[in-house]
**Student:** 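Submitted below is the structure of interest, expressed as structure tokens.
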2 protein chains.
Amino acid sequence: MHYGESALQDILRLKPDVAILDIEMPKRTGLEVAEEIQSLNTKVIILTTFARQNYFETAVRIGVQGYLLKDSPTDRLTETINAVVKGATVYDPELVRHVLRTENNPLTEREIDVLQAIAEGKRTSAIAEAVFLSQGTVRNYISSILSKTGAQSRIEAVNIAKKHQWMNR
Amino acid sequence: MHYGESALQDILRLKPDVAILDIEMPKRTGLEVAEEIQSLNTKVIILTTFARQNYFETAVRIGVQGYLLKDSPTDRLTETINAVVKGATVYDPELVRHVLRTENNPLTEREIDVLQAIAEGKRTSAIAEAVFLSQGTVRNYISSILSKTGAQSRIEAVNIAKKHQWMNR
DNA sequence: AAATCAATATGACATTTGTCATAATGAATT
DNA sequence: AATTCATTATGACAAATGTCATATTGATTT
């Protein structure tokens, strides 16, 4: 395990063109390091296992030049390094898509669970069983889903949610 | 326009290997001619513009060796003639599919109209307006759709009908 | 520490749906 | 000619659904 602190010291000393940082490191996270060195000309690429939107968003806010997931194809890293050196900014497309999906998604986790059950054609009692909630709660959720989507009926809500890809996670 | 009667006379006289017949001809339809000559060794291919399932079904019942639509690709006719001479039987796949669809489709035209509106997420009042029916009638249709599909809810009915392709014509 | 939000629940009420009986008409089939 | 079937309708009743007010709990954010 590498220490964020030593990474920071190395970068400050060596002033590399590109620094590839993990996020979860002891002492200092990759994001903290990235923030510290933003005044340098060193480009930062975050390479991490964690697809947490929170991390991604702060990375973008700090202004890193790259953000990749460790499970993305290996040659993508080399491509990204080359692109970043040339001045480009590269964000993992999966992640961007995911953020866009959740960003505009007005539905909560539970509401999505319920909506998925609705899409299968289940009626309230069956939905309640499927998600282990009382029928009343399910009806409340549906009511909320309808008002959030602006739909007039369960089916319309499903149609709208599908169009916006709000129904997957 | 050719006469079915003269086609029949010609076939009886010439005893061809294959006879290609239209259906709608004056005096005698192609289907009548096909029926008359079934004792001969002449293979019959029906080539017609009319995609009426009624025609197709009687043709199959009579036992014709081929049934094609005039708007199918031209080389299909030559293929079919060759295949039929070799003893095969060739039915237009589109037509077969269509028949299978309507054959097992328990829904009436009107019910399909209603179900389509349901799939769009319309509620009863909106459906009634869309198909120019009273709300009561719409609810009766839905009730009937539910019992015919065995569904418990509108959405389930839509899902089932989509799976069986019962919602298009 | 306070405020916000998601998750969960209940009760009451209004509206929407689904079901059933019944009926008229016209087209198609036997 | 009689039967069947699709289309259309109404009325009455039961069940399901949607809405609203209200409340508790725990997590997250300010």
Side-chain angles (χ1 to χ4, degrees), chain A residues 52-55 57-58 61 102-161 166-167 169, chain B residues 52-55 57-58 61 102-161 166-167 169:
Chain A
R52 303 249 297 269
Q53 80 293 12
N54 197 14
Y55 285 165
E57 279 167 30
T58 51
R61 186 170 40 71
T102 55
E103 198 77 349
N104 309 313
N105 192 337
L107 305 176
T108 68
E109 293 275 329
R110 274 318 205 206
E111 287 167 353
I112 292 172
D113 293 343
V114 169
L115 192 53
Q116 255 154 2
I118 289 177
E120 290 169 30
K122 290 198 171 77
R123 45 176 53 200
T124 307
S125 58
I127 297 170
E129 279 178 35
V131 294
F132 304 105
L133 289 175
S134 77
Q135 295 199 21
T137 303
V138 169
R139 285 195 279 146
N140 286 340
Y141 278 140
I142 294 174
S143 186
S144 167
I145 290 167
L146 292 176
S147 94
K148 282 178 174 179
T149 57
Q152 298 268 61
S153 69
R154 292 170 172 221
I155 307 185
E156 200 187 346
V158 169
N159 289 159
I160 291 171
W166 287 341
M167 282 180 61
R169 223 148 323 162
Chain B
R52 303 249 298 268
Q53 81 292 13
N54 198 12
Y55 285 165
E57 279 167 31
T58 51
R61 187 169 41 69
T102 55
E103 198 77 350
N104 308 312
N105 192 337
L107 306 175
T108 69
E109 293 276 328
R110 274 314 202 214
E111 287 166 352
I112 292 172
D113 292 344
V114 169
L115 192 52
Q116 255 154 3
I118 289 177
E120 289 168 32
K122 291 198 170 76
R123 44 177 52 200
T124 307
S125 58
I127 298 170
E129 278 177 36
V131 293
F132 305 105
L133 290 174
S134 77
Q135 295 199 20
T137 303
V138 170
R139 284 195 279 145
N140 286 339
Y141 278 140
I142 295 174
S143 186
S144 166
I145 290 168
L146 291 176
S147 93
K148 283 178 174 179
T149 57
Q152 298 267 63
S153 69
R154 295 170 170 219
I155 306 186
E156 200 188 346
V158 169
N159 289 160
I160 291 170
W166 288 340
M167 282 179 62
R169 226 150 323 164

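Scope of the values below: all heavy atoms of this structure, side chains included, with no hydrogens, waters or symmetry mates. Per chain, numbering begins at 1; letters A, B, ... match sequence-line order.
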**Student:** Please name the residue in the list B:Ile145, B:Asn159, B:Thr124 that meets the side chain to side chain contact (heavy atoms under 4.5 Å, CB included) test with B:Arg154.
**Tutor:** B:Thr124

**Student:** To the nearest Å, how far apart are A:Asn140 CG and D:dC20 C1'?
**Tutor:** 9 Å

**Student:** Distance check: side-chain N/O of A:Ser134 vs OP1/OP2 of C:dT8, anything under 4.0 Å?
**Tutor:** no

**Student:** Start at the 5' end of DNA chain C and walk down; is the nucleotide closest to A:Arg123 or to A:Lys148 reached first?
**Tutor:** A:Lys148

**Student:** Working to the nearest 0.5 angstrom, can you tell me the gap between A:Asp113 CG and A:Met167 CE?
**Tutor:** 10.0 Å

**Student:** From CG of A:Leu115 over to P of D:dG18, roughly how many Å is that when rounded to an integer?
**Tutor:** 12 Å

**Student:** State whether B:Tyr141 places a side-chain N or O below 4.0 Å from either non-bridging phosphate oxygen (OP1 or OP2) of D:dT8.
**Tutor:** yes

**Student:** What is the distance, rounded to the nearest whole Å, between atom CG of B:Asn105 and atom P of D:dA6?
**Tutor:** 12 Å

**Student:** Mind checking B:Arg139 for me? I need base, sugar-phosphate or nothing, with any heavy atom below 4.0 Å counting as a touch.
**Tutor:** base

**Student:** Are any of B:Thr108's side-chain N or O atoms less than 4.0 Å away from OP1 or OP2 of D:dA6?
**Tutor:** no

**Student:** Over how many whole Å does the gap from A:Ile112 atom CD1 to C:dA6 atom P extend?
**Tutor:** 12 Å

**Student:** Can you tell me how far P of C:dA7 sits from CG of A:Leu133, to the nearest Å?
**Tutor:** 10 Å

**Student:** With a 4.0 Å limit, can you tell me whether A:Ser143 has a side-chain N or O closer than that to the phosphate oxygens OP1/OP2 of D:dT19?
**Tutor:** yes

**Student:** For the residue pair A:Ser144 and A:Ser147, confirm or rule out a side-chain donor-acceptor distance under 3.5 Å.
**Tutor:** no

**Student:** What's the separation between atom CD in B:Gln135 and atom CG in B:Asn140, rounded to the nearest 0.5 Å?
**Tutor:** 12.0 Å

**Student:** Output the rounded distance in Å from CG (A:Asp113) to C1' (C:dA6).
**Tutor:** 12 Å

**Student:** Given atom CD of B:Glu156 and atom P of C:dG18, what is their separation to the nearest angstrom?
**Tutor:** 12 Å

**Student:** Contact class for B:Thr137 vs. all strands (heavy atom < 4.0 Å): base, sugar-phosphate, or nothing?
**Tutor:** base

**Student:** Measure CZ/A:Phe132 against C1'/C:dA7 and give the value in whole Å, please.
**Tutor:** 16 Å

**Student:** Does a nitrogen or oxygen in the side chain of B:Arg154 sit under 4.0 Å from OP1 or OP2 of C:dG18?
**Tutor:** yes

**Student:** Would you call A:Lys148 and A:Glu111 a salt bridge, taking side-chain N to carboxylate O under 4.0 Å as the test?
**Tutor:** yes

